[in-house]
Amino acid sequence: MNILYNPSEHRLRALWRLLIQFLVGFLGLGVLNLLAAFVIAFLLILTAQIPFGLLGDGQELIRALNGEFEHLPVLFGVRSLVVLLFVGLIYGLLARWLDRRPWREYGFHFNAAWWRDLGFGLLLGAVLTGTIFGVEYLLGWVAVTGTLENGQPQFPFWQLLVSGLFAYVFVGVSEELFARGYSIRNLAEGLNLPRLSSKAAVLIAYLLTSIVFGFLHGNNPNATLASSLNLALAGLFLGLGFVLTGELAIPVGLHITWNFFMGHVFGFPVSGVDDNLSLIAARQSGPAVWTGGAFGPEGGLLGVAAILLGMLLVWAWVRWTRRQASLHAGLAEYSVPHEKGEASEKSWFGDYAEKGA
């Protein structure tokens, strides 16, 4: 038995595919940020915001670019979107050459149902974080002290807010692609053994990736063992829509608005990080075991309650829209694509991708 290569599937085995993804994910982000900065510099040169002659002087070019970022902080958000484009390109290459599958099988079959689920996820994240804020407000654990809180008054509030939204779009899409779309699918395929059913393989992959997701946040500011366990539960919450539908629409929408509304609308710390930028300026008090204290609601029991309620609502939504809600066994089942001529191209971008839906 070849522990490195699967000859029947003509690709590396799942363990090595996952290790390569982790290496690319953890080592490549800094490089992608640098590439994105060069792209923005090129665009600024084309629009005459930076003199063309600075291309021959690296230090002056960097100094001019930093000045543009300070003058237009929304460029930080633009950089997030450029990095996201690079992430999409990398996963497209991983899909084609490492995974040997259409990239849409990571959960991006953009049909009407996908966009409907995305809208549900976006709404659900906003409603749940609003519910947490409302409960704390009624209990006297949070007091509204004003509006438009800006911890960096030297920068325009609205530019920072848009930049923050773009950054959370990047986080929502890239983390769901990394932790759910790629990892659950590949791990489930690797666990799909003769004595283990496809659904059991999906379930184990779902649980393991959620645990990893929780403890990957263990180095966040103000993190504790309790917050890591809570974020593992949050991983189950975010991944539920994927394992029930095979699509990332619900997880991506939920992840974006959960973070954005928690941090930039209601002013809570997000996974321990407090940007001091929010539409509502609030002062939090109350027992940390319930509120999460400096880590934010994800570290407290109110956050746990919201997550459990959210999981119930995701299950109900899938049940209502699809008439059933069970683990998507197809996440653990791999079909070798065709390899010859036009049939191969069609299988990558057409019929084979539709079969995955």
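Note that the structure is predicted; figures quoted are calculated from it, not measured. Any value given below was found using the heavy atoms of this structure, including those in side chains, with hydrogens, waters and symmetry copies removed.
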Can a donor-acceptor pair be found, under 3.5 Å and without considering hydrogens, that links the side chain of [X] to the backbone of [Y]?
X: D99; Y: L94; result: no
X: Q49; Y: T47; result: yes
X: N192; Y: A201; result: no
X: S227; Y: G299; result: no
X: N33; Y: L29; result: yes
X: R17; Y: L12; result: yes
X: E298; Y: S271; result: yes
X: S228; Y: F215; result: no
X: E189; Y: A14; result: no
X: R100; Y: W97; result: no

As an exercise, state the distance from [atom1] of [X] to [atom2] of [Y], rounded to the nearest 0.5 Å.
X: L54; Y: I62; atom1: CG; atom2: CD1; answer: 11.0 Å
X: N230; Y: L301; atom1: CG; atom2: CG; answer: 7.5 Å
X: L118; Y: I256; atom1: CG; atom2: CD1; answer: 6.5 Å
X: S8; Y: N2; atom1: OG; atom2: CG; answer: 10.5 Å
X: L240; Y: L244; atom1: CG; atom2: CG; answer: 4.5 Å
X: S210; Y: Y206; atom1: OG; atom2: OH; answer: 5.5 Å

Would you say [X] and [Y] make side-chain contact, with heavy atoms under 4.5 Å?
X: V173; Y: V87; result: no
X: L302; Y: W141; result: yes
X: L236; Y: F213; result: no
X: F260; Y: L161; result: yes
X: Q159; Y: V162; result: no
X: R11; Y: R101; result: yes
X: D117; Y: R322; result: yes
X: L231; Y: F295; result: yes

Checking L148 against W158 for the side chain to side chain contact (heavy atoms under 4.5 Å, CB included) test, could you report, in this order, the C-alpha distance in whole Å, the side-chain angles of both residues, the deciding distance, and whether it holds?
CA-CA 9 Å; L148 306 185; W158 294 106; 4.1 Å; yes
Y91 and ring pair (Phe, Tyr, Trp, His ring centres under 6.0 Å): which single residue from Y182, F108, W103 fits?
Y182
[X] and [Y]: same hydrophobic cluster, using ILVMFWY side-chain contacts below 4.5 Å?
X: M262; Y: L138; result: no
X: F157; Y: F261; result: yes
X: F110; Y: L84; result: yes
X: L93; Y: V24; result: no
X: M311; Y: V127; result: no

To check you understand the geometry: which heavy-atom pair defines the closest contact between [X] and [Y], and what is its length?
X: R13; Y: P7; answer: NH2-CD, 4.2 Å
X: G121; Y: T257; answer: O-OG1, 3.6 Å
X: V171; Y: H255; answer: CG1-NE2, 4.0 Å
X: G246; Y: H328; answer: CA-CD2, 3.8 Å
X: E333; Y: S198; answer: OE2-OG, 3.0 Å
X: Q21; Y: S183; answer: NE2-OG, 3.3 Å

Is there a side chain to side chain donor-acceptor pair (under 3.5 Å) between E136 and T291 once you walk through the steps?
CA-CA 8 Å; E136 290 200 20; T291 66; 5.2 Å; no
Using a cut-off of 6.0 Å, state whether more than 12 heavy atoms not belonging to Q154 lie near its atom CD.
yes
Tell me, please, which residues at least two apart from L15 pass side-chain contact (heavy atoms from CB on, under 4.5 Å).
L19
Parallel, tilted or perpendicular: which one describes the rings of [X] and [Y], with boundaries at 30° and 60°?
X: F178; Y: F26; result: perpendicular
X: F133; Y: F266; result: parallel
X: W258; Y: F237; result: perpendicular
X: W317; Y: F120; result: parallel

Side chain to side chain contact (heavy atoms under 4.5 Å, CB included) between I250 and V318: does it pass, once the steps are laid out?
CA-CA 10 Å; I250 296 174; V318 174; 4.1 Å; yes
Taking it one step at a time, do L196 and I204 satisfy side chain to side chain contact (heavy atoms under 4.5 Å, CB included)?
CA-CA 10 Å; L196 198 66; I204 295 173; 3.9 Å; yes
Between F170 and R79, is there a cation-pi geometry (under 6.0 Å to ring centre, at most 45° from the normal)?
no
